[in-house]
Amino acid sequence: MNQGTPPRLRFAPSPTGPLHPGGVRTALFNYLLARQTGGTFILRIEDTDQTRFVEGAEQFIIDSLAWCGITFDEGVHLGGPYGPYRQSERKLMYRQYAMDLVEKGAAYYAFDTEQELDEMRDRMKASGTASPQYNSITRVNMKNSLSLPADEVNRRLEAGDPYVIRFRMPRNEEVRVQDVIRGWVVVNTSQLDDKVLFKSDGMPTYHLANVVDDRLMHITHVIRGEEWLPSTPLHVLLYRAFGWEDGMPLFAHLPLLLKPDGDGKLSKRDGDRLGLPFYAINWTNPDTGETTAGYREAGYFPEAYVNFLALLGWNPGDNREMFGMDELVQAFSLERVNKHGARYDFQKLAWFNQQYLRKISAAELAVLVRPQAESAGWSPSPGFLEEVCRLMQERLTLLGDFTQMSAFFFEFPHRYDPEVVEKRWKAPVPACFLSMAEALEGAESMGAKELEEVFQSKVSEAGLKPGQVMQAFRLALSGEGGGPALFEMGALMGRDSVVARLRKAVELLGHG
RNA sequence: GGUCCGUUCGUCUAGGGGUUAGGACACCAGAUUUUCAUUCUGGUAACAGGGGUUCGAUUCCCCUACGGACUACCA
């Protein structure tokens, strides 16, 4: 199958809403294989259902993947030799392929109305059939070109009666599908129905469009979600009916992404429920105006997100787990993709993000963090911000944590942690701080070393031990009980600020 | 209901006829940091159940249970 030909892979989402994490992963795996093999990666938009079109969804898909570093060689946004890449723009040609199948006897016209279909299903349910199907048994009782006299069929066609084209599913035949991940899957056609291939609105259904386009675009590997496995036998039958079986692509059906807890597949609600971002980038619903948070805006690294996603359902076979995109391209293989679904673990994603956050320099971090610092109303010098980053870097998990966790560098404390006040703000401390403030005021300059010297000498003058005062000192400077190295922190705040903070703490917290 | 797919620590997973069933996240404990976090060390924790096959099964086969997908003129 396709040996020697350069691989061509596609990601083929429908623009019916924001791109789900499972879709990002599907795109990623396709991308990895394309890059690894020197193949071509194509973005095709499957918009054959006009009723489900969502404004902005297509651009969202492109932007989401671009943020992840997933790039295409051909596609709706790039063009290419096999365009157009939007199925609605290929509309006219699908009819010919459907009619070709009719001529070959592999498909037929059906004129049944919605009501007639409903009635058929109701009838069958009433007589005990669990899942009523339009198939080789039932079609004889319906209005189609197999059951109706030829002249009536022609009359209806000429009169412009609405019709669909259905696949003529063989009655009892084993269809074998080879899946790279799952091996051979065998289904009997008696379980399958006469699927609509061509709709009465003149659009193909997924099944037809997908097979025709994959053929026309010379797709060699179809890597898609597990939800497509049940209809793959139909697709194989379509390739066969067209006479394209020898050029059929390889199929690989990816396991699903599951909820972090409980049963079922991952959904937007899981992000909402946990108050965590869900999409790659912010999504605003064009109808409601409601925005769902994305990882980009929440301060995640795309590298971390991609790394995390890659390890959901795939593993390299050894204990490595930090993978840059290039390394993923090297290491990836369909053979090492799991068969079972993987729970989406937000905590692990946060951990990956932390790892990536630590890999960059303080200077780089400062650049990334500046926008939020500025929107918090601070305008630190580059040098100061970098120093803050140097002290804070190992304590951050997300970029987005920065403002909240570093606020005390830029502002005086708005509150003093009551627990620490209760425990550490004891009688001799305020007086000691006041004398520190005085001593510092007289000092010419104040680095971490000088600050510590003043601290030590005033503490011993007061007859105290450093351990008894340290926490209160931190509290006075930052309002909190934890934080970066105390004297470095103070040095960075600067002498005047430290003096003022000490006095203000005494003023607000009293003399114990 | 039917069809198909699946099932190793709480989670992501490695492994595979004979292993102390390995790693990572999370969690817990200790060390270091006179803070918190980091870091380091250690720890708790898994082969869904039942039948086979076999000298031996978590690994192979079957059944059951459970989970999931699909079952539209949606993709």
Side-chain angles (χ1 to χ4, degrees), chain A residues 12-17 46-49 51-52 87 110 112-114 117 121 125 128-134 162-166 177 179 181-183 185-188 190-193 195-207 209-210 224-233 253 255-256 258 260-261 263-265 308 311-322 336 338-352 354 358 392-397 405 417 420 424 465-475 478 480-486 489:
Chain A
S14 59
T16 53
E46 310 225 329
D47 58 347
T48 51
D49 184 356
T51 63
R52 292 213 306 160
Q87 287 181 332
D112 313 277
T113 63
E114 211 172 306
L117 289 170
R121 293 186 187 112
K125 273 187 181 153
T129 306
S131 50
Q133 290 188 321
Y134 202 119
Y163 66 87
V164 299
I165 294 175
R166 285 182 180 271
V177 176
D179 182 279
I181 295 167
R182 288 151 213 282
V185 176
V186 183
V187 179
N188 192 291
S190 62
Q191 304 300 328
L192 273 17
D193 63 348
K195 277 271 177 296
V196 171
L197 301 177
F198 192 79
K199 302 187 271 186
S200 57
D201 65 359
M203 279 286 201
T205 60
Y206 172 84
H207 305 294
N210 161 262
R224 75 231 299 193
E226 190 184 352
E227 67 269 26
W228 293 110
L229 193 53
S231 54
T232 305
H253 290 91
L256 261 24
L258 272 19
D261 45 52
D263 294 335
K265 65 176 177 181
F308 165 71
L311 259 17
L312 248 28
W314 171 83
N315 74 82
D318 53 39
N319 287 335
R320 288 177 298 162
E321 53 182 357
M322 296 303 292
R336 294 207 64 90
N338 286 124
K339 296 178 175 71
H340 57 266
R343 283 188 194 277
Y344 190 89
D345 183 356
F346 287 93
Q347 246 176 343
K348 186 104 184 213
L349 171 56
W351 179 81
F352 272 112
Q354 189 178 35
R358 284 182 190 165
M392 295 305 293
Q393 186 159 14
E394 67 180 20
R395 340 178 75 79
L396 299 173
T397 299
M405 288 182 69
D417 186 334
V420 185
R424 303 288 184 179
K465 295 210 159 127
Q468 297 174 275
V469 190
M470 217 108 186
Q471 282 278 83
F473 190 66
R474 177 182 294 283
L475 181 80
S478 71
E480 291 173 32
L486 186 48
M489 184 180 99

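Chain naming here is simple, since letters A, B, ... match the order of the sequence lines and numbering starts at 1 in each. Keep in mind that the numbers below use all heavy atoms, side chains included, and drop hydrogens, waters and symmetry copies.
Separation of the C1' atoms belonging to B:C70 and B:U11 is 27 Å when rounded to the nearest angstrom. For B:G10 and B:U44, the P atoms lie 14 Å apart once the distance is rounded to whole Å. Nucleotides B:G30 and B:U35, compared at atom P, are 15 Å apart to the nearest Å. Comparing the same atom, P, in B:U58 and in B:A46 gives a spacing of 15 Å after rounding to whole Å. When the P atom is compared between B:U32 and B:C36, the two are found 12 Å apart, to the nearest whole Å. Between the P atoms of B:A45 and B:A37, the separation comes to 25 Å (whole Å). Here, B:U7 and B:C47 have their P atoms 15 Å apart, quoted to the whole Å. Here the separation of B:G2 from B:C60, taken at their P atoms, is 27 Å to the nearest Å.
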Open item on the list: Set out, in order, the CA-CA distance, both residues' side-chain angles and the distance that settles side chain to side chain contact (heavy atoms under 4.5 Å, CB included) for A:Phe308 and A:Tyr344, then state yes or no.
Closed with: CA-CA 9 Å; A:Phe308 165 71; A:Tyr344 190 89; 3.6 Å; yes
TODO: Any chance you could lay out the side chain to side chain contact (heavy atoms under 4.5 Å, CB included) test for A:Leu256 and A:Glu227, step after step, and finish with the verdict?
DONE: CA-CA 8 Å; A:Leu256 261 24; A:Glu227 67 269 26; 3.7 Å; yes
TODO: For A:His253 and A:Arg224, run side chain to side chain contact (heavy atoms under 4.5 Å, CB included): C-alpha distance rounded to whole Å, both residues' side-chain angles, the deciding distance at 0.1 Å, then the answer.
DONE: CA-CA 5 Å; A:His253 290 91; A:Arg224 75 231 299 193; 3.1 Å; yes
TODO: Given side chain to side chain contact (heavy atoms under 4.5 Å, CB included), test A:Leu229 with A:Arg182 step by step and report yes or no.
DONE: CA-CA 10 Å; A:Leu229 193 53; A:Arg182 288 151 213 282; 3.6 Å; yes
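Counting to the nearest Å, the P atom of B:C12 and the CZ atom of A:Arg320 are 21 Å from each other. When rounded to the nearest whole Å, the span between CH2 of A:Trp314 and P of B:A14 equals 11 Å. For the pair A:Glu321 CD and B:C12 P, the computed distance is 14 Å after rounding to whole Å. Look at CG on A:Asn315: it is 6 Å from P on B:G15, rounded to the nearest Å. Rounded to an integer number of Å, the gap from A:Leu311 CG to B:U11 P is 17 Å. Distance, A:Arg343 CZ to B:A26 P: 18 Å, rounded to whole Å. Regarding A:Glu226, its CD atom lies at a distance of 14 Å from the C1' atom of B:U3, rounded to whole Å.
Searching all strands for a Watson-Crick or G-U wobble partner of B:A37 with both distances below 3.5 Å returns nothing. In this structure, B:C60 forms a base pair with B:G52, meeting either the Watson-Crick or the G-U wobble geometry with both donor-acceptor distances under 3.5 Å. Here B:C4 sits opposite B:G68 as a Watson-Crick or G-U wobble pair (both hydrogen-bonding atom distances under 3.5 Å). The nucleotide B:A46 finds no pairing partner, because no Watson-Crick or G-U wobble arrangement with both distances shorter than 3.5 Å includes it. Across all strands shown, B:C25 forms a Watson-Crick or G-U wobble pair, both distances under 3.5 Å, with B:G10.
Atom OG of A:Ser14 is separated from atom CZ of A:Arg52 by 5.5 Å, given to the nearest 0.5 angstrom.
Considering only side-chain N and O atoms, A:Asn319 lies nowhere under 4.0 angstrom from the phosphate OP1 or OP2 of B:A24. OP1 or OP2 of B:U13 has at least one side-chain nitrogen or oxygen of A:His340 nearer than 4.0 Å. Dashed line: the shortest gap from a side-chain N or O of A:Asn338 to OP1 or OP2 of B:A14 is under 4.0 Å.
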TODO: If a protein heavy atom is under 4.0 Å from the base, mark B; if only from the sugar-phosphate, S; if neither, -; do that for nucleotides 30-38 of chain B going 5' to 3'.
DONE: ----BBBBS
- [ ] Using a 4.0 Å heavy-atom cut-off, write out nucleotides 70-75 of chain B from 5' to 3' as B (base contacted by protein), S (sugar-phosphate only) or - (no contact).
- [x] S--BBB
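Contact annotation for A:Gly264: backbone-only contact, meaning every heavy-atom pair under 4.0 Å involves sugar-phosphate atoms and none involves a base. At the heavy-atom level, A:Lys339 lies under 4.0 Å from the strands shown only through sugar-phosphate atoms. Using a 4.0 Å heavy-atom criterion, one finds that A:Arg336 contacts the sugar-phosphate atoms exclusively.
With respect to the salt-bridge test (charged N to carboxylate O, under 4.0 angstrom), the residues A:Lys265 and A:Glu226 do not qualify.
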Under 3.5 Å, which protein N or O atoms sit close to an N or O of nucleotides 46-49 of chain B? Give each pair with its distance.
none

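When the nearest nucleotides of RNA chain B are assigned to A:Tyr344 and A:Val187 by heavy-atom distance, the more 5′-ward of the two goes with A:Val187.
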